[in-house]
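What follows is a set of notes on a single structure, which appears directly below.
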Amino acid sequence: MVNIAVVEDNDREREILTEYLKRFSPQFAIEVFSSAVIFLTDYTPKYDIVFMDIDMPCIDGMSAAAKMRKLDDRTCLIFVTNLAKYAIKGYEVQAFDFMVKPLTYANFAMKLTRALNHLQAKTEREILVKSGVNTARIAVGNIKYVEIRAHKITYHLVDRDVISYGTLKDAETLIGDRLFVRCNTCFLVNLRFVDAINDNCAVIGEERLLISYPRRVEFKKALTDYLCGEK
């Protein structure tokens with residue numbers, strides 16, 4: 001089942017998009033939103049594809065996409081707009097494609113097919129993390145390490161941090177990847193990002209995470225196995 005959101009303030013344009021989606025496949029799970037404000041309220045990162053108009057009141061499509069990306073960097077975003085001159089700005093919010101109004105079914109079907117092929121090609125596993133009142137979708141491969149301090153869990157990602165609450169064991173279970181190894185009681189490290197071990201610290205970019213004495217043998221063995229190809 002492919003989950004699709006349509007965010008469009010114009011009633012007729014919203015109907016056309018919905019009609020085209022149903023014509024393409026009756027199996028799609030479609031949700032429609034008449035404004036970006038409604039779409040972003042209690043946003044849950046469950047959509048595979050989001051069709052977003054740009055010219056909307058209160059919050060325009062570009063601003064809405066930027067807010068969405070703070071919680072969801074994985075959904076396939078397609079702008080549907082008559083403001084083609086702003087298309088280049090879409091790359092700032094990782095837009096997959098653009099459709100210029102007025103829509104034709106042939107063009108719509110071609111671009112939707114591309115988006116579906118893109119989704120099918122993605123094999124990277126994702127997790128959903130409760131962060132305050134929101135839920136963030138995270139690609140496991142983008143997590144450098146997880147840190148816990150007084151029950152506050154911070155997922156340190158390539159491009160941002162996501163904060164949640166619980167235990168390191170909770171995070172370990174949720175991630176479910178054997179290349180994530182504890183270096184001490186505070187850090188769960190993704191071995192893919194370890195550049196070196198210096199002075200009993202795991203070096204990740206400019207950061208140094210202490211490897212506690214009881215975990216040094218196990219951590220170094222796990223890293224050696226990974227580097228030698230036992231993945």
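FYI, side chains are in, hydrogens and waters are out, and symmetry mates aren't considered; it's all heavy atoms of this structure.
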- Query: When you check the gap from the basic side-chain N to the acidic O, do Arg216 and Glu218 get nearer than 4.0 Å?
  - Reply: no

- Task: Kindly say whether the aromatic ring centers of Tyr43 and Phe39 come within a distance under 6.0 Å.
- Result: yes

- Check for a donor-acceptor pair, side chain of Asn184 on one end and backbone N or O of Cys186 on the other, with a separation under 3.5 Å. yes

Please list, one pair per line, the donor and acceptor atoms closer than 3.5 Å that link side chains of residues 131-142 to other protein atoms, with sequence neighbours excluded.
unit_1, atom_1, unit_2, atom_2, d
Ser131, OG, Ile163, O, 2.8
Arg137, NE, Asp72, OD1, 3.1
Arg137, NH2, Tyr47, O, 2.7
Arg137, NH2, Asp72, OD1, 3.2
Arg137, NH2, Asp72, OD2, 2.8

- Message: Using the rule given for side-chain contact (heavy atoms from CB on, under 4.5 Å), can you reason through Val189 versus Ile204, listing the C-alpha separation, both sets of side-chain angles and the distance that settles it, and then say yes or no?
- Response: CA-CA 9 Å; Val189 176; Ile204 300 177; 3.8 Å; yes

- Query: In Å, rounded to the nearest 0.5 Å, how long is the span from CD1 of Ile127 to CG of Asp177?
  - Reply: 10.0 Å

- Could you give me the CA-CA distance, side-chain angles and deciding distance for Asp48 and Arg74, then say whether salt bridge (Lys or Arg N to Asp or Glu O under 4.0 Å) is met? CA-CA 8 Å; Asp48 299 298; Arg74 307 300 295 168; over 6 Å; no

- Item | side chain to side chain contact (heavy atoms under 4.5 Å, CB included), paired with Phe51, selected from Glu8, Glu13, Arg14, Met99 | Met99

- Apply side-chain contact (heavy atoms from CB on, under 4.5 Å) to the pair Met68 and Thr75, showing each step before the final yes or no. CA-CA 9 Å; Met68 180 190 73; Thr75 191; 3.6 Å; yes

- Item | Asp225 (side chain) donor-acceptor with Ala222 (main chain) under 3.5 angstrom | no

- Donor-acceptor pair, side chain of Asp195 and main chain of Gly205, under 3.5 angstrom: yes

- Message: Testing the 3.5 Å rule here: is there a donor-acceptor pair between the side chains of Thr167 and Asp170?
- Response: yes

- Test item: Thr224 side-chain N/O and Lys220 main-chain N/O as donor-acceptor pair under 3.5 Å: yes

- Task: For side-chain contact (heavy atoms from CB on, under 4.5 Å), just list the numbers for Thr81 and Lys101, CA-CA rounded to whole Å, side-chain angles, deciding distance to a tenth of an Å, and then say yes or no.
- Result: CA-CA 6 Å; Thr81 181; Lys101 301 175 183 178; 5.5 Å; no

- Task: Would you check if the side chain of Lys144 reaches a backbone N or O of Phe193 as a donor-acceptor pair within less than 3.5 Å?
- Result: no

- Query: Does any pair with a residue in residues 142-178 pass ring pair (Phe, Tyr, Trp, His ring centres under 6.0 Å), and if so which ones, sequence neighbours excluded?
  - Reply: Tyr145-His156, Tyr145-Phe187

- With distance as the sole test, does Asn190 use its side chain to make a donor-acceptor pair with the main-chain N or O of Ile143 at under 3.5 Å? yes

- Give a yes or no on whether the backbone of Lys46 and the side-chain of Thr44 come within a donor-acceptor separation of less than 3.5 Å. no

- Task: Establish, yes or no, whether the cationic atom of Arg23 lies under 6.0 Å from the six-membered ring centre of Tyr105 and within 45° of the ring axis.
- Result: yes

